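The structure appears right after this line, and notes come after that.
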Amino acid sequence: MCGIVCAFELKESVEVLRPQVLKMSKKIRHRGPDWSGIFENNNAIMAHERLAIVDPISGKQPIYSRDKNLVLAANGEIYNHLSLRKELKKDYGFQTQSDCEIILALYQEKGAEFLNDLNGIFAFALYDVEKDEYLIARDHMGIIPLYMGWDKNGTFYVASELKALEGICSKIELFPPGHYLSSKEG
C-alpha cells in the first residue's frame, strides 16, 4: 500500500500549493511509511508516500523516465511487469526493478493505449513535463482507491484517500474503477 496526492492545472503558485500538497500527503503517510517523495514544477505537484515491497532499494517515487520528461506517482502492483518488459519494441533503459516503472516505458511506446496491457491493481498519475499533459488511471476492479477533487480556484487534485482532499477541495468525487483521464483527450 502506498499513497499519492497530486495537483494539476494549478491556479495558484507552486510556492503556495507545495506546502499544502505536503500537508495533504502527510494525512496519508500511514499508507507508505518507508519513503516520501515529491515532484514539482510550475504546472504540477506530485507527492508519494511509499511502502517498499517491490524493489525496496531503488523503487522510490515519484519515478522519472531517464530523460526526466515523464514523472509517475503510483500505488498498487503490476503483476505482469516482467513479461511486459520483454515485449517492449524499444530499449527503455530501466533504472529500477520497480513493477511500476513499466508504466513509463509503455506510455512512451503506446500512449494511453497501454492501459489494456496492464494486469494488476493500481491507481496512478503520470505527468509529461514537456507537453504539460497528465494521465490518471485506476484498475478495472477498483481495488486501489483513488479520489479526485477541485479546490475553489479550480486546481485539480487526485489522492489515494478522501481525507487528503477534505478541507481543500470544494468538490470531491470517486475516480471510477476501470477508467482513465487524459488531459490531452479530455
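Keep in mind it's a predicted model, so treat the numbers as computed, not measured.
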Contacts of [X] that satisfy salt bridge (charged side-chain N to carboxylate O under 4.0 Å, His left out) - sequence neighbours left out:
{"X": "R85", "answer": "none"}
{"X": "E87", "answer": "none"}
{"X": "K163", "answer": "E161"}
{"X": "K171", "answer": "E173"}

Not counting sequence neighbours, which residues clear side chain to side chain contact (heavy atoms under 4.5 Å, CB included) with [X]? List them please.
{"X": "E109", "result": "L88, K89, K90"}
{"X": "Q20", "result": "L17, M24, Y157, I168"}
{"X": "K23", "result": "none"}

Side-chain atoms of residues 143-150: list all donor-acceptor pairs with protein atoms under 3.5 Å, sequence neighbours left out, distances to 0.1 Å.
none

**Request:** Could you tell me which residues satisfy ring pair (Phe, Tyr, Trp, His ring centres under 6.0 Å) with F122, sequence neighbours excluded, listed by chain and number?
**Result:**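 Checked F122 against ring pair (Phe, Tyr, Trp, His ring centres under 6.0 Å); matches are F124.
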**Request:** Could you list the residues that satisfy ring pair (Phe, Tyr, Trp, His ring centres under 6.0 Å) with Y180, not counting sequence neighbours?
**Result:**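 Listed in chain order: nothing, the list is empty.
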**Message:** Using 0.5 Å steps for rounding, measure from the CD1 atom of I102 to the CZ atom of F94.
**Reply:**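 Answer for the CD1-CZ pair, I102 versus F94, is 3.5 Å.
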Is any side-chain heavy atom of [X] less than 4.5 Å from a side-chain heavy atom of [Y]?
{"X": "I38", "Y": "I45", "value": "yes"}
{"X": "L181", "Y": "L135", "value": "no"}
{"X": "H179", "Y": "R138", "value": "no"}
{"X": "L72", "Y": "P62", "value": "no"}

Do [X] and [Y] meet the criterion of a side-chain donor-acceptor pair at a distance under 3.5 Å?
{"X": "S183", "Y": "E133", "result": "no"}
{"X": "Y79", "Y": "D99", "result": "no"}
{"X": "S65", "Y": "D67", "result": "yes"}
{"X": "E49", "Y": "S25", "result": "yes"}

Please table the atom pairs, donor to acceptor, closer than 3.5 Å between any side-chain atom in residues 111-120 and protein atoms at least two apart or in another chain.
unit_1, atom_1, unit_2, atom_2, d
D117, OD2, K110, NZ, 2.4

When clusters are formed by joining ILVMFWY residues with side-chain heavy atoms under 4.5 Å apart, either directly or through shared neighbours, do [X] and [Y] land in the same one?
{"X": "V158", "Y": "Y127", "answer": "yes"}
{"X": "V21", "Y": "I172", "answer": "yes"}
{"X": "F39", "Y": "V5", "answer": "no"}

**Message:** Around atom CD of E130, are there more than 12 heavy atoms from other residues, nucleotides or ligands closer than 6.0 Å?
**Reply:**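 Result for CD/E130: open.
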**Message:** Heavy-atom count check: over 12 atoms from other residues, nucleotides or ligands less than 6.0 Å from K184 NZ?
**Reply:**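 Not buried by this count: 12 neighbours or fewer within 6.0 Å.
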**Asked** Are Y134 and F8 close enough that their ring centres sit under 6.0 Å apart?
**Response**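 Yes, close enough.
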**Asked** Looking at I136, I63, L104, which one forms a side chain to side chain contact (heavy atoms under 4.5 Å, CB included) with L126?
**Response**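 Output: one option passes, namely L104.
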**Item:** Members besides L82 in its Ile/Leu/Val/Met/Phe/Trp/Tyr cluster (side-chain heavy atoms under 4.5 Å)
**Value:**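 Its cluster mates, by chain and number: none.
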